[in-house]
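Letters A, B, ... are given to chains in the order of the sequence lines, protein chains preceding strands, and every chain is numbered from 1.
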Number of protein chains: 2
Amino acid sequence: MTELEQYIKSYFGVVAIDDLKTIVSLFKLTPIKKGEFLLKSGKRCDKLSFVQSGLLRMFISTDEKEITQWISTKGYFSTDLSSFVFETPSRWTIQALVDTELYTITKDDYKKIGDLVPKWSELEKLFLIRCFIILEDRIFSHLSMTAEERYNFFFKNNRELFNQVPLQFIASLLGMTPETFSRIRKKQLS
Amino acid sequence: MTELEQYIKSYFGVVAIDDLKTIVSLFKLTPIKKGEFLLKSGKRCDKLSFVQSGLLRMFISTDEKEITQWISTKGYFSTDLSSFVFETPSRWTIQALVDTELYTITKDDYKKIGDLVPKWSELEKLFLIRCFIILEDRIFSHLSMTAEERYNFFFKNNRELFNQVPLQFIASLLGMTPETFSRIRKKQLS
DNA sequence: ATGATTTCTTGATATTTGTCAAGAGCAAAA
DNA sequence: TTTTGCTCTTGACAAATATCAAGAAATCAT
């Protein structure tokens with residue numbers, strides 16, 4: 001059983017085998033190499049990907065700086081939601097940080113799921129709410145915490161990422177420079 | 001036609017009159033006075049409200065500080081989504097900043113809409129995506145902007161709030177102290 | 001209208017974080 | 001293996017923001 005199947009099962013509880021097979025059959029296993037781009041900003045994002053294994057980084061890059069907005073790990077979806085849904089140019093760039101395996105669905109196939117699986121909208125809604133809550137927490141962390149507090153919280157809950165993701169990207173994700181990040185780390189290790 | 005009807009119409013485009021009436025009939029007009037609490041943290045949030053007129057502030061208050069997480073203006077919904085959906089204790093407190101009129105629906109009635117209006121899940125999804133994008137933007141603003149830049153952007157896009165909302169709440173919403181907020185304002189006016 | 005309370009502004013100072021620069025360490029390419 | 005390029009750390013200094021305090025202004029309660 002794949003991560004995708006487990007993910008869907010975890011939301012539906014006991015899920016009809018047929019429905020599960022139907023949903024999963026519309027996702028295609030897609031390997032991408034470290035450094036490869038899943039999406040470039042300005043392009044239409046016409047697919048939704050689920051990380052079976054590996055890491056994806058979602059970021060914006062301008063002349064002066066690069067901002068890491070999100071890092072998708074195993075078990076997370078990755079897309080530019082606004083572009084995917086409203087068919088606008090994508091704002092984000094998505095790149096693999098390591099060799100990565102995705103389950104990817106096109107927008108056309110995505111639209112079919114609702115017709116094939118009656119409970120699909122329920123899964124969709126729960127998925128969006130889950131994302132919403134994560135984002136809400138992140139905003140709250142910026143409103144209420146110092147950089148060091150955010151580091152501590154993130155380290156406590158994502159320890160394994162520190163060996164897998166370049167530290168500068170974690171720093172950016174938490175809203176600080178790599179220098180500040182290093183200083184905080186040094187403080188914590190002493 | 002109420003704000004709620006206009007809101008729903010703006011998502012469905014041309015909407016079946018019957019469907020619109022059905023949805024709207026499940027929302028009850030609810031006035032609340034300035035200072036009144038719509039929701040207290042720790043309680044179950046069992047309703048979803050739409051702001052017909054007025055202002056609601058969503059915040060967390062602890063011994064040391066109070067963090068304003070969101071301010072719902074006319075045309076926005078207000079709820080603790082996690083509590084509403086998963087029936088957990090609410091994290092946020094929601095209070096009226098001025099006399100406010102809401103269209104409020106209970107969770108039980110909310111569940112009925114999907115059975116009565118076939119396209120409801122589509123509206124629901126678009127609503128969630130709209131919120132998602134707003135949240136994404138807010139996170140990005142914290143990762144990539146200074147407090148002053150956030151102030152400028154917010155002022156440009158929400159000018160009318162500056163006469164309606166206590167400035168300390170806007171400061172908190174943007175992630176800065178009232179002192180910093182005042183200093184930035186002074187700078188902008190000269 | 002008056003008094004009490006709260007909000008907002010401002011100054012002084014402290015703290016946090018960013019910028020710039022350079023060196024050490026690590027990873028990738030040849 | 002060596003060379004090149006990139007990442008991370010560290011120091012010095014600058015800038016942004018928070019904290020503390022007090023006064024002015026605005027709002028609320030009577």
Practice prompt. Identify whether any heavy atom of B:Lys34 sits under 4.0 Å from a base atom; if not, whether one sits that close to sugar-phosphate; answer base, sugar-phosphate or nothing.
Written response: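 Sugar-phosphate contact only.
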Worksheet item: Contact class for B:Thr146 (heavy atom, under 4.0 Å): base, sugar-phosphate, or nothing?
Response: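 Sugar-phosphate only.
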Fill in: Check: A:Glu179 side chain, C:dC20 base, donor-acceptor under 3.5 Å
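Checked by distance alone, the answer is yes.
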Ignoring backbone atoms, establish whether [X] has a side-chain N or O less than 4.0 Å from OP1 or OP2 of [N].
X	N	value
B:Thr180	D:dA18	yes
B:Thr177	D:dA18	yes
A:Lys186	D:dC8	no

Worksheet item: Side chains of B:Lys34 and B:Gln95: closer than 4.5 Å at any heavy-atom pair?
Response: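 The answer is no, as the side chains (C-beta and beyond) never meet within the 4.5 Å cut-off.
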Worksheet item: Just wondering, do A:Leu126 and A:Arg130 contact through their side chains at under 4.5 Å, heavy atoms?
Response: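 No, too far: nothing below the 4.5 Å cut-off.
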Tell me the interatomic distance from [X], atom [atom1], to [N], atom [atom2], rounded to whole angstroms.
X	N	atom1	atom2	value
A:Lys33	C:dA28	NZ	P	13 Å
B:Glu148	C:dG18	CD	P	16 Å
B:Leu174	D:dT17	CG	P	12 Å
A:Arg185	D:dT9	CZ	C1'	11 Å
A:Met145	D:dT17	CE	C1'	19 Å
A:Ile184	C:dG18	CD1	P	8 Å
A:His142	D:dA16	NE2	P	20 Å
A:Glu149	C:dT16	CD	P	10 Å

Practice prompt. Scan side-chain atoms only and decide if A:Thr22 and A:Ser25 contain a donor-acceptor pair under the 3.5 Å cut-off.
Written response: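 Their side chains do not contain a donor-acceptor pair, so the 3.5 Å distance test is not met.
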Discussion item. Given C:dG18, D:dG11, C:dT10, identify the nucleotide with an atom nearest to the side chain of A:Arg183.
Written reply: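 Of C:dG18, D:dG11, C:dT10, D:dG11 is nearest to the side chain of A:Arg183.
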Practice prompt. Ignoring the backbone of A:Pro166, work out which of C:dC8, D:dT19, D:dC8 is nearest its side chain.
Written response: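 Within the option list, the nearest is D:dC8.
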Worksheet item: Between the main-chain N or O of A:Cys45 and the side-chain N or O of A:Ser83, is there a donor-acceptor pair closer than 3.5 Å?
Response: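 Judged by distance alone, yes, a pair lies under 3.5 Å.
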Discussion item. Less than 4.0 angstrom from a charged side-chain N to a carboxylate O is my criterion; do B:Lys74 and B:Glu101 meet it?
Written reply: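 Salt bridge flag = no for B:Glu101 with B:Lys74.
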